[in-house]
There are 2 protein chains.
Amino acid sequence: MVNLNDVAQKAHVSKMTVSRVINHPDQVSPELMRLVQQAIKAVGYVPNQVARALVNQRQYVVRFLLLEDVSTVEPNYAKLLIRLANNLQKKGYTLEISLDIMAETQSIDGIIVSGWRTEDLSKLQALDVPVTLYGAAPTKCPLSSVDVDNQAGIEKATEYMWRQGYRDIYYIGLSLDLPFARQREAGYRAVMAKKDGRVSVYQTENHAHLADTLVTNLLHNFQLPTAIVCATDRIALGVLRAVQRVYHIPRDCGVIGFDGVFIDQLTQPQLTTVRQPFALISEKIVAQIISQIESEIILEPNNISISPDIVVRESTRL
Amino acid sequence: MVNLNDVAQKAHVSKMTVSRVINHPDQVSPELMRLVQQAIKAVGYVPNQVARALVNQRQYVVRFLLLEDVSTVEPNYAKLLIRLANNLQKKGYTLEISLDIMAETQSIDGIIVSGWRTEDLSKLQALDVPVTLYGAAPTKCPLSSVDVDNQAGIEKATEYMWRQGYRDIYYIGLSLDLPFARQREAGYRAVMAKKDGRVSVYQTENHAHLADTLVTNLLHNFQLPTAIVCATDRIALGVLRAVQRVYHIPRDCGVIGFDGVFIDQLTQPQLTTVRQPFALISEKIVAQIISQIESEIILEPNNISISPDIVVRESTRL
DNA sequence: TTGAAAGCGCTAACAC
DNA sequence: GTGTTAGCGCTTTCAA
């Protein structure tokens with residue numbers, strides 16, 4: 001392993017000079033600068049991050065802590081993970097994956113948490129490490145978070161349906177007592193209240209076939225043209241199937257989903273959906289956690305909400 | 001930060017004794033053992049992995065290097081990644097994600113590579129770090145690898161179709177000049193040769209709608225009952241749609257896919273498929289890379305092939 | 001501007 | 001069985 005000393009000898013300087021060339025280039029004279037840089041290249045020196053971490057008490061590692069059950073993991077995570085890894089790398093950090101909330105925290109600088117439940121939050125605080133939550137934190141929670149604005153997303157979806165001429169608008173939500181589920185439903189209700197339209201809210205579990213059954217029983221009430229705003233793409237997939245057996249999409253009936261990960265592109269017709277902007281989300285998460293890590297003082301918790309956009313495809317009128 | 005010294009003082013022993021309690025428990029007397037263990041608990045000591053890594057020249061970190069384009073990433077990866085992280089953690093290792101084949105290798109002990117192309121292989125060898133490929137290595141490549149047995153998988157699929165009474169069996173493959181694509185096709189051909197059945201091979205890109213179009217044009221040639229063996233679940237999804245418009249599934253026509261990740265459960269009817277056994281695959285990968293890391297000598301490359309099983313669902317006759 | 005010394009927390013090698 | 005010494009590769013004092 002090539003180390004500072006090897007470079008120092010090659011350049012006939014002390015290792016401190018070499019170290020300074022890397023960490024404090026302004027403190028070293030131009031001649032030595034050049035000399036050292038040549039030597040670094042010549043011997044193929046790469047700084048040892050471990051030694052650096054030991055002396056700096058900083059690891060340049062951020063952990064992605066996934067608290068959700070592995071079996072229920074949505075394909076979302078692959079993209080998010082990769083984007084996070086990429087963004088962190090640009091800042092000189094490395095991404096590590098863990099499923100264990102109790103894993104040691106000495107070898108990391110910060111934690112990005114996903115799939116958490118309310119009861120995890122106090123444990124997370126006790127860890128005494130910078131934390132950024134993926135998913136909006138409860139109002140009284142002193143942790144920072146980044147989330148898509150669920151209510152704004154469904155508001156956009158509902159308004160879009162209205163704008164496209166659908167007046168009989170249903171909402172098929174998640175029968176789940178979680179903030180994001182409630183916020184999405186609230187988005188629908190807010191817009192329908194504003195437009196003074198009839199509110200039709202139904203709930204189901206997040207499975208295509210359950211949504212299919214549910215909507216099949218609703219079809220005869222439709223006052224065409226009808227629109228169906230769905231809490232997730234999975235639900236939308238089932239809705240699409242149910243509706244398609246009887247009505248024309250998008251003429252008689254429009255369907256919009258939420259997530260925009262993978263499923264939306266597999267449906268027939270392709271699904272119009274509210275897309276989670278993972279590129280932006282991961283950027284914000286990384287900026288968030290790094291500012292916490294690199295700040296001298298303890299930052300106030302910062303809760304970022306990102307308003308998602310609609311991706312128009314084939315399941316809604318143009 | 002609590003360190004060895006703090007524990008040593010608390011227990012009135014030297015730090016070496018504490019170190020030994022952790023790393024070589026057999027070399028320390030029972031009394032001190034107890035004493036030290038109490039002290040460790042009392043002060044809440046957690047070994048500093050960074051210091052450990054520095055002195056041992058071992059980082060206890062394995063990198064997952066994803067060479068595939070982010071945008072084409074299949075949802076597969078989330079599950080694989082999580083399983084890998086989990087298995088590695090059991091062995092005391094940590095999983096890190098990287099997309100950069102040239103990233104420094106001093107802070108890691110080994111690399112698991114996915115989405116590689118032939119031209120990456122020489123770079124990987126030059127890294128001089130233990131490497132395990134996900135996906136079968138070319139025969140002359142001196143790197144270890146783990147892969148699902150693609151040929152055996154499609155052989156099972158084809159034989160299953162034959163066994164269920166389908167005699168007119170098509171294969172819809174990938175128009176991709178990659179080993180796994182060729183192996184899958186070979187699996188179909190091998191079984192059809194053995195059964196002396198008519199060989200009908202078609203190829204398409206990995207998109208549902210392309211497969212749909214392709215098969216729609218084939219339908220009129222079917223000699224029912226017909227079976228369609230598909231190289232991927234995405235293809236199978238399109239095939240399902242095309243066939244469904246005309247024939248009954250699975251009575252007139254059976255369809256089987258390959259991968260068993262996510263898509264298969266979303267189709268209607270649910271897709272019978274050859275499932276990639278990710279739990280096993282990740283176990284083998286981890287065992288593989290760790291044996292390389294922990295072996296004193298350089299191991300011969302080891303190529304593991306895992307025969308996948310069929311998950312019978314609704315798109316084939318019972 | 002540059003260098004020498006000390007030490008981050010740990011363990012292997014060697015003494016006792 | 002236990003302690004002492006040295007050093008992994010680096011950076012932050014502090015002195016020149």
Side-chain angles (χ1 to χ4, degrees), chain A residues 1-40 43-61 92-94 104-109 294 296, chain B residues 1-40 43-61 92-94 104-109 294 296:
Chain A
M1 168 181 281
V2 185
N3 63 20
L4 272 189
N5 252 325
D6 302 326
V7 180
Q9 288 190 7
K10 181 85 178 181
H12 303 289
V13 294
S14 76
K15 33 182 219 170
M16 262 324 294
T17 306
V18 181
S19 170
R20 276 196 268 258
V21 166
I22 295 168
N23 298 301
H24 307 286
D26 46 309
Q27 294 176 20
V28 58
S29 68
E31 311 105 284
L32 284 190
M33 187 77 170
R34 254 189 354 94
L35 215 65
V36 170
Q37 282 173 333
Q38 281 178 353
I40 288 179
V43 299
Y45 170 72
V46 181
N48 183 319
Q49 297 303 331
V50 176
R52 202 153 185 256
L54 181 61
V55 66
N56 286 350
Q57 303 282 49
R58 279 275 301 289
Q59 331 309 144
Y60 307 97
V61 175
Y93 286 75
T94 257
E104 55 80 29
T105 55
Q106 294 189 305
S107 58
I108 59 170
D109 300 316
E294 300 191 341
E296 305 293 315
Chain B
M1 169 180 279
V2 185
N3 63 20
L4 272 189
N5 252 324
D6 301 327
V7 180
Q9 289 190 6
K10 181 84 178 180
H12 304 288
V13 295
S14 77
K15 24 184 228 171
M16 260 326 291
T17 305
V18 181
S19 172
R20 276 195 268 258
V21 167
I22 295 168
N23 299 300
H24 307 286
D26 47 310
Q27 293 176 21
V28 56
S29 68
E31 311 106 283
L32 284 190
M33 187 76 168
R34 252 189 355 94
L35 215 64
V36 169
Q37 282 173 334
Q38 281 178 353
I40 288 179
V43 300
Y45 170 72
V46 181
N48 183 320
Q49 296 303 330
V50 176
R52 204 155 184 253
L54 181 61
V55 66
N56 285 350
Q57 302 283 48
R58 279 274 301 289
Q59 331 310 144
Y60 307 97
V61 174
Y93 286 75
T94 257
E104 55 79 30
T105 56
Q106 294 189 306
S107 58
I108 59 170
D109 300 317
E294 300 191 340
E296 305 291 316

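Residue numbering restarts at 1 for every chain, and letters A, B, ... go by the order of the sequence lines.
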Starting from [atom2] on [N], measure out to [atom1] on [X] and report it in whole angstrom.
| X | N | atom1 | atom2 | value |
| --- | --- | --- | --- | --- |
| A/I22 | D/dC10 | CD1 | C1' | 10 Å |
| A/K15 | D/dT11 | NZ | P | 10 Å |
| A/M16 | D/dT12 | CE | P | 7 Å |
| A/L4 | D/dT12 | CG | P | 12 Å |
| B/N56 | D/dG9 | CG | C1' | 14 Å |
| B/Q59 | D/dG9 | CD | P | 11 Å |
| A/L54 | D/dG9 | CG | P | 12 Å |
| B/N23 | D/dT2 | CG | P | 16 Å |

Apply side chain to side chain contact (heavy atoms under 4.5 Å, CB included) to B/V13 and B/R20, showing your working. CA-CA 11 Å; B/V13 295; B/R20 276 195 268 258; over 6 Å; no
DNA chain C: first to last nucleotide in contact with chain A (atom under 4.0 angstrom from a heavy atom), 5' to 3', is C/dT1 to C/dG9
Side chains of [X] and [Y]: closer than 4.5 Å at any heavy-atom pair?
| X | Y | value |
| --- | --- | --- |
| A/N3 | A/N48 | no |
| B/S19 | B/L4 | yes |
| A/R58 | A/E294 | yes |

Which nucleotide wins on minimum distance to the side chain of B/S29, given the candidates D/dC10, D/dT2, D/dT11? D/dT2
The side chain of A/M1 is closest to which nucleotide in this list: D/dG9, D/dG3, D/dC10? D/dG9
Nearest heavy-atom pair of [X] and [Y]: which atoms, and what distance?
| X | Y | answer |
| --- | --- | --- |
| B/M33 | B/V21 | SD-CG1, 4.0 Å |
| A/Q106 | B/P47 | OE1-O, 3.0 Å |
| A/V61 | A/Y93 | N-CD2, 3.9 Å |

D/dT12 phosphate, OP1 or OP2, under 4.0 Å from A/H24 side-chain N/O: yes
Quick one: is D/dG9 close enough that its OP1 or OP2 comes under 4.0 Å of any side-chain N or O from A/N3? yes
For A/Q9, is there any backbone N or O sitting under 3.5 Å from a side-chain donor or acceptor partner on A/D6? no
Which residue lies more 5' along DNA chain C, comparing B/R20 with B/Y45 via nearest heavy atoms: B/Y45
Which residue, B/Q106 or B/L32, contacts DNA chain D at a nucleotide closer to its 5' end, judged by nearest heavy atom? B/L32
5' precedence on DNA chain D between A/A51 and B/T17 (nearest-nucleotide basis): B/T17
Base, sugar-phosphate or nothing for [X]? Non-hydrogen atoms, less than 4.0 Å.
| X | value |
| --- | --- |
| B/Q57 | sugar-phosphate |
| B/N5 | nothing |
| A/V55 | base |

